[in-house]
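In what follows, a single structure is set out as structure tokens and then discussed.
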Amino acid sequence: MTNPSFSAIELPEALASNLSSLGYEEMTAIQTQALPLVLAGEDLIGQAKTGSGKTAVFGLGILSKLIIDEYHTQALVLCPTRELADQVAGEIRRLARGIPNIKVLTVCGGVPFGPQANSLASGAHIVVGTPGRIEDHIGKDTIKLGRVNTLVLDEADRMLDMGFQEVLEKIVGEIPSQRQTLLFSATFPAAIETISQRFTNQAKKVKIGANASNLDIDQHFHRIENGGRIKAVQLLLMEHEPESSIVFCNTKQETNELAQALRDMNFDVLALHGDLDQPERDLVMTRFANKSASILVATDVASRGLDIEALDAVINYQIARNLDVHIHRIGRTGRAGRTGQAFTLYTDQEKLKLQQLGEQLNLYIENEPLPPKAALNKIVPRCKMITIQISGGKKQKVRPGDILGALTGDSGIAGSDVGKIKIGPASSFVAVSREVIKQALVKLGQDKIKGRNFKVRSL
């Protein structure tokens, strides 16, 4: 079944004819479901990835109600990086090509502040910017948001990953509550649910993709000999190459022994158990959440309360002592519409527990052979990201935008190479792509943040 064409949507003539000239014909799934809601003035929470056509959804929504003769900021679009902001602004300009005198201004870090302030002073209908630089303009009173009637948060999950929640709260506080708010996010962790409830008013929800409520888990059970657990875990990791996985152990000793064994095999692995103090635990979770470690070896007690999104695989080093706990373990994968993998290792001594587990899951459990030993000939997959620690945090008034700006400024790395940013009391952490780690360390080591140099190191 094909999606309807743009001609089925009531748009101002100038916008409609321009869409036709640009080759916009059949609407994408997000456009079909979301555009009528946006044009009707509804608040919207949309789950869709880059490339889904969501820019046209909010771009056409903004342009359809713009008052051209009023040269003040009527719409604010917030993006996580300068590259995305430039891309979004360019697409809005294309959509607006049939309407004369529309001013779309990009306001991002990494470029001089003065010219931006001058452009804002002369008036802009639509501002597309990054949270850190918008906050700077608010602080210097060079941007006026008191008449904004449309707020767009594009890739909101990415902005939260980069530590911009407090900044977003401040920016939204400057905008009238009587507005239309459009929030787009590829994933919906708890923090997104929280801000969507605070920032939107009776928002309609549109989700493109699989049903997020469906726990889609492929379960596999592997009988092993005593003493063969470590080798079995190695085979599973080499064969399936999960980007993010947890191996659950029943004891702290097993956790440490397995983590060290995997470390010796060159895997990017971290251990989480009850002997870690809070700073150590926080560092482990920071590195695992920002994808600079792909494997977390953990005890059940230590992993309670973890909010981990997009977990590709769970490996049960052995069946949990409590079968409810075992079921909770495997429920950590297969979230957000993804197919998860759960692997359980067992010995002949655990057959009774295995039978009880099958009854509780209403599942016929059949032993599967482990991957062939040829899997060990593959190169150990490494994480795409590496964490950099910076010796400055909230006490030094370091903000996520400061770190992002320092990394992506002149001769810096691309914003797409920057991952999650976390600001601690006295130190901060940022994930960057492995390919540019040397360049990032040099940039942060040479450039000043908040007017001073901080020590940096990779973890």
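None of these values were measured; they are calculated from a predicted model. Residue numbers start at 1 and run along the sequence shown.
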Does Asn18 reach the main-chain N or O of Arg94 with its side chain, forming a donor-acceptor pair under 3.5 Å? yes
Using 4.0 Å as the upper bound for N to carboxylate O, is an ion pair formed by Asp161 and Lys291? no
Heavy-atom count around Lys205 NZ within 6.0 Å, excluding the residue itself: above 12? no
One pair to check against side chain to side chain contact (heavy atoms under 4.5 Å, CB included): Val233 and Met265. What are the steps and the verdict? CA-CA 12 Å; Val233 171; Met265 297 169 190; over 6 Å; no
Run the numbers on Gln116 and His137 for side-chain hydrogen bond (donor to acceptor under 3.5 Å, both in side chains), then give the verdict. CA-CA 9 Å; Gln116 287 182 352; His137 280 285; 2.9 Å; yes
Distance-only, no hydrogens or angles: does the Arg133 side chain make a donor-acceptor pair with backbone N or O of Thr130 under 3.5 Å? no
On the 0 to 90° scale, with breaks at 30° and 60°, tag the Tyr24-Phe6 ring pair as parallel, tilted or perpendicular. perpendicular
Can a donor-acceptor pair be found, under 3.5 Å and without considering hydrogens, that links the side chain of Glu155 to the backbone of Ala186? no
Test Lys443 against Val456 for side chain to side chain contact (heavy atoms under 4.5 Å, CB included), laying out the working first. CA-CA 10 Å; Lys443 192 82 170 65; Val456 297; over 6 Å; no
If only atom types and distance count, is the side chain of Asp154 paired as donor or acceptor with the main-chain N or O of Phe184 below 3.5 Å? no
Compare all side-chain heavy atoms of Pro131 with those of Met159 and state whether any distance is below 4.5 angstrom. yes
For Leu95 and Leu63: C-alpha separation, side-chain torsions, deciding distance, then whether side chain to side chain contact (heavy atoms under 4.5 Å, CB included) applies. CA-CA 8 Å; Leu95 294 171; Leu63 293 169; 3.7 Å; yes
Are there more than 12 heavy atoms of other residues, nucleotides or ligands under 6.0 Å from atom CD of Glu280? yes
Phe267 CZ to Gln234 CD distance, which is reported to the nearest 0.5 Å: 5.5 Å
Spacing of OG1 belonging to Thr387 relative to CD1 belonging to Ile437, to within rounding of 0.5 Å: 8.5 Å
Can you confirm whether more than 12 heavy atoms, excluding those of Glu166, are under 6.0 Å from its CD atom? no
Chi angles and distances behind the side chain to side chain contact (heavy atoms under 4.5 Å, CB included) call for Ile62, Val77: CA-CA 10 Å; Ile62 290 169; Val77 182; 3.9 Å; yes
Can the ring centres of Phe248 and His326 be said to be less than 6.0 Å apart? no
To the nearest 0.5 Å, how far apart are CD1 in Ile45 and NZ in Lys204? 10.5 Å
